[in-house]
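No experiment lies behind these values; they were computed from the predicted model shown.
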Amino acid sequence: VQLQASGGGLVQPGGSLRLSCVASGSALDSYTIGWFRQAPGKEREGVSCRRYSDGSTYYTDSVKGRFTISRDIAKNTVHLQMNNLRPEDTAVYYCAAEPDLAVDGSIWSLDDLYDYWGQGTLVTVSS
């Protein structure tokens with residue numbers, strides 16, 4: 001599967017963006033999808049995940065209640081809706097996928113579990 005991330009940009013604090021991860025080469029039905037981000041000078045961290053088997057979703061604590069991961073079956077796309085953005089959300093965001101990956105709340109954010117990665121899309125939150 002090939003992944004193409006898009007939707008980043010410059011937004012003011014409190015604003016919203018929707019990131020998209022379009023997949024080609026394979027349907028996402030059997031893939032667990034993760035969104036990760038890397039801020040300047042920091043390690044990459046897991047932001048959100050959607051488990052393939054039942055659609056369960058996971059979020060890192062700092063984005064709970066503000067970000068929502070969802071899948072558009074018809075477009076073979078996974079979105080990350082980001083609301084009430086904060087300056088600390090500034091980072092390059094990546095989508096990642098792994099087939100038949102069974103995750104739970106303790107391991108979903110381990111980037112080593114995902115073999116397929118899209119290019120990053122930059123999100124800048126600033127006034």
Side-chain angles (χ1 to χ4, degrees):
V1 67
Q2 293 79 45
L3 304 175
Q4 180 81 24
S6 64
L10 173 64
V11 63
Q12 292 186 342
S16 298
L17 283 174
R18 188 177 77 158
L19 305 184
S20 297
C21 179
V22 180
S24 59
S26 184
L28 288 179
D29 303 52
S30 62
Y31 286 78
T32 287
I33 305 296
W35 281 98
F36 294 78
R37 66 185 180 187
Q38 187 165 23
K42 295 187 177 181
E43 292 188 355
R44 187 163 59 190
E45 66 168 343
V47 176
S48 181
C49 169
R50 185 186 185 281
R51 187 167 66 191
Y52 83 98
S53 56
D54 60 359
S56 293
T57 57
Y58 304 94
Y59 300 91
T60 191
D61 286 346
S62 64
V63 309
K64 286 181 180 176
R66 301 188 297 124
F67 290 12
T68 303
I69 189 171
S70 64
R71 187 181 74 166
D72 184 331
I73 297 174
K75 296 182 178 180
N76 209 30
T77 298
V78 174
H79 298 291
L80 184 68
Q81 178 67 43
M82 306 187 296
N83 298 328
N84 192 20
L85 283 160
R86 305 168 180 170
E88 54 264 38
D89 295 318
T90 295
V92 178
Y93 284 70
Y94 302 88
C95 59
E98 182 65 24
D100 304 320
L101 177 61
V103 296
D104 60 22
S106 65
I107 67 170
W108 67 267
S109 60
L110 299 177
D111 54 8
D112 287 349
L113 296 179
Y114 301 82
D115 284 333
Y116 302 94
W117 290 80
Q119 90 295 353
T121 184
L122 176 62
V123 172
T124 304
V125 185
S126 175
S127 55

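Within a 6.0 Å sphere centred on CD of E43, heavy atoms belonging to other residues, nucleotides or ligands number 12 at most.
Residue pairs that meet the side chain to side chain donor-acceptor pair (under 3.5 Å) test with at least one member in residues 58-68, sequence neighbours left out, are R37-S62, R51-Y58, D61-K64, R66-D89.
A donor-acceptor pair is defined here as one N or O able to donate and one able to accept, closer than 3.5 Å; no such pair exists between the side chain of T90 and the backbone of E88. Side chain of E98 to main chain of T32: no donor-acceptor pair is present (N/O by atom type, distance under 3.5 Å, no hydrogens or angles). Checked by atom type and distance alone, the side chain of D111 never pairs as donor or acceptor with a backbone atom of F36 at under 3.5 Å. No side-chain donor-acceptor contact under 3.5 Å links S48 to the backbone of I69.
A pairwise comparison of heavy atoms in N76 and L28 identifies OD1-N, 2.9 Å as the closest pair. The nearest pair of heavy atoms linking T77 to S20 is CG2-CB, 4.1 Å. Closest approach of G34 and Y114 over heavy atoms only: N-CE2, 3.8 Å. A23 approaches L3 most closely through the heavy-atom pair CB-CD2, 3.9 Å. Of all heavy-atom pairs between P13 and S127, the closest is CD-N, 3.7 Å.
Not counting sequence neighbours, R86 has no partner by the salt bridge (Lys or Arg N to Asp or Glu O under 4.0 Å) test. The ring-ring contact (aromatic ring centres under 6.0 Å, His included) search around Y52 returns none, not counting sequence neighbours. Under the ring-ring contact (aromatic ring centres under 6.0 Å, His included) criterion, Y94 pairs with no residue, sequence neighbours left out. Here C49 pairs with nothing under the disulfide (SG to SG under 2.5 Å) rule; sequence neighbours left out. Among residues two or more places apart in sequence or in another chain, the side chain to side chain donor-acceptor pair (under 3.5 Å) test is passed with S16 by N83.
Side-chain heavy atoms closer than 4.5 Å link hydrophobic residues (I, L, V, M, F, W, Y) into clusters, and following such links, even through other members, never connects V1 to V22. I33 and L113 fall into different hydrophobic clusters, where Ile, Leu, Val, Met, Phe, Trp and Tyr side chains are chained together by heavy-atom contacts under 4.5 Å. Both I107 and W117 belong to a single network of hydrophobic side chains, linked directly or stepwise wherever heavy atoms of I, L, V, M, F, W or Y lie under 4.5 Å apart. Clustering ILVMFWY residues whenever any of their side-chain heavy atoms sit less than 4.5 angstrom apart, transitively, puts V92 in a cluster other than the one holding Y116.
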Checklist entry - Run the side chain to side chain donor-acceptor pair (under 3.5 Å) check on H79 and S70 step by step: do they pass? => result CA-CA 5 Å; H79 298 291; S70 64; 5.6 Å; no

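For R18 and W35, the positive end is not near the middle of the six-membered ring at less than 6.0 Å and at most 45° from its axis.
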